[in-house]
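Structure, as structure tokens:
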Amino acid sequence: MINEKMEKAFLDQINKELYSEYLYLSMKAYFANLNLQGFVNWMDVQVQEEHAHAMGMFDYVIERGGRVILEAIEKPEVDWQSPLEVFKAILKHEEYVTSRINALMDVAEETKDRAAIAFLNWYIKEQVEEEANVGGVLAQLELIGDDKNGLFALDKELATRTFVQPVIG
Ligand code: OFO
């Protein structure tokens, strides 16, 4: 059975993962209006990944005998200055999420919850990948600068990203 402190920490993180999903959906809408369909696709994969992250924790809390209580999801930002600014915001957000996953691991360690530690190891590794993926696109956008052809070439590349349902835990 999950302890109360651990359960509360997981519920808080489920809310943050759902917020991530919502934020990336808002970014997907931004790119749709710019008619950058590759970026729309990239964000769509990101949205699905965040949903999977939230549901992984949702299922885990229930599996451990806990009770999932959902809270309101914060309103996401709706506007950015450019694709570059979007990716700067994503990286900043992912770094924040990494810090929250680390805090969750701290609670698991403090409460000596070995099952939660094993489960959370997946999320620790996933955050390394998340930051690297976003950082890669951000670096390309920085190189591209104001070059429209470069932006369209990147858009084509981002159109090839596909979602793979992760096996969490
Ligand atoms: Fe769930 O990793 Fe991004 O936020």
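Only a predicted model underlies this, so the values are computations on that prediction, with no experimental measurement involved. In listed order, ligands and their atoms are each counted from 1.
Side-chain contact of Gln48 with His51: a donor-acceptor pair under 3.5 Å is absent, judged by distance alone.
Annotation: side-chain contact (heavy atoms from CB on, under 4.5 Å) contacts of Leu104 (sequence neighbours excluded): Met6, Ala9, Phe10, Gln13, Met57, Leu120. Listed by chain and number, the residues in a side-chain hydrogen bond (donor to acceptor under 3.5 Å, both in side chains) with Asp146 amount to none (sequence neighbours excluded).
Remark: aromatic rings of Trp80 and Phe31 are distant, center separation not under 6.0 Å.
Protein atoms of type N, O or S found under 2.8 Å from atom 3 (Fe) of ligand 1 total 4.
For residues 55-64, the side chain to side chain donor-acceptor pair (under 3.5 Å) pairs, not counting sequence neighbours, are Tyr60-Arg64, Arg64-Asp113.
Hydrophobic clustering, with ILVMFWY side chains joined whenever heavy atoms are under 4.5 angstrom apart, groups Ile14 together with Trp122.
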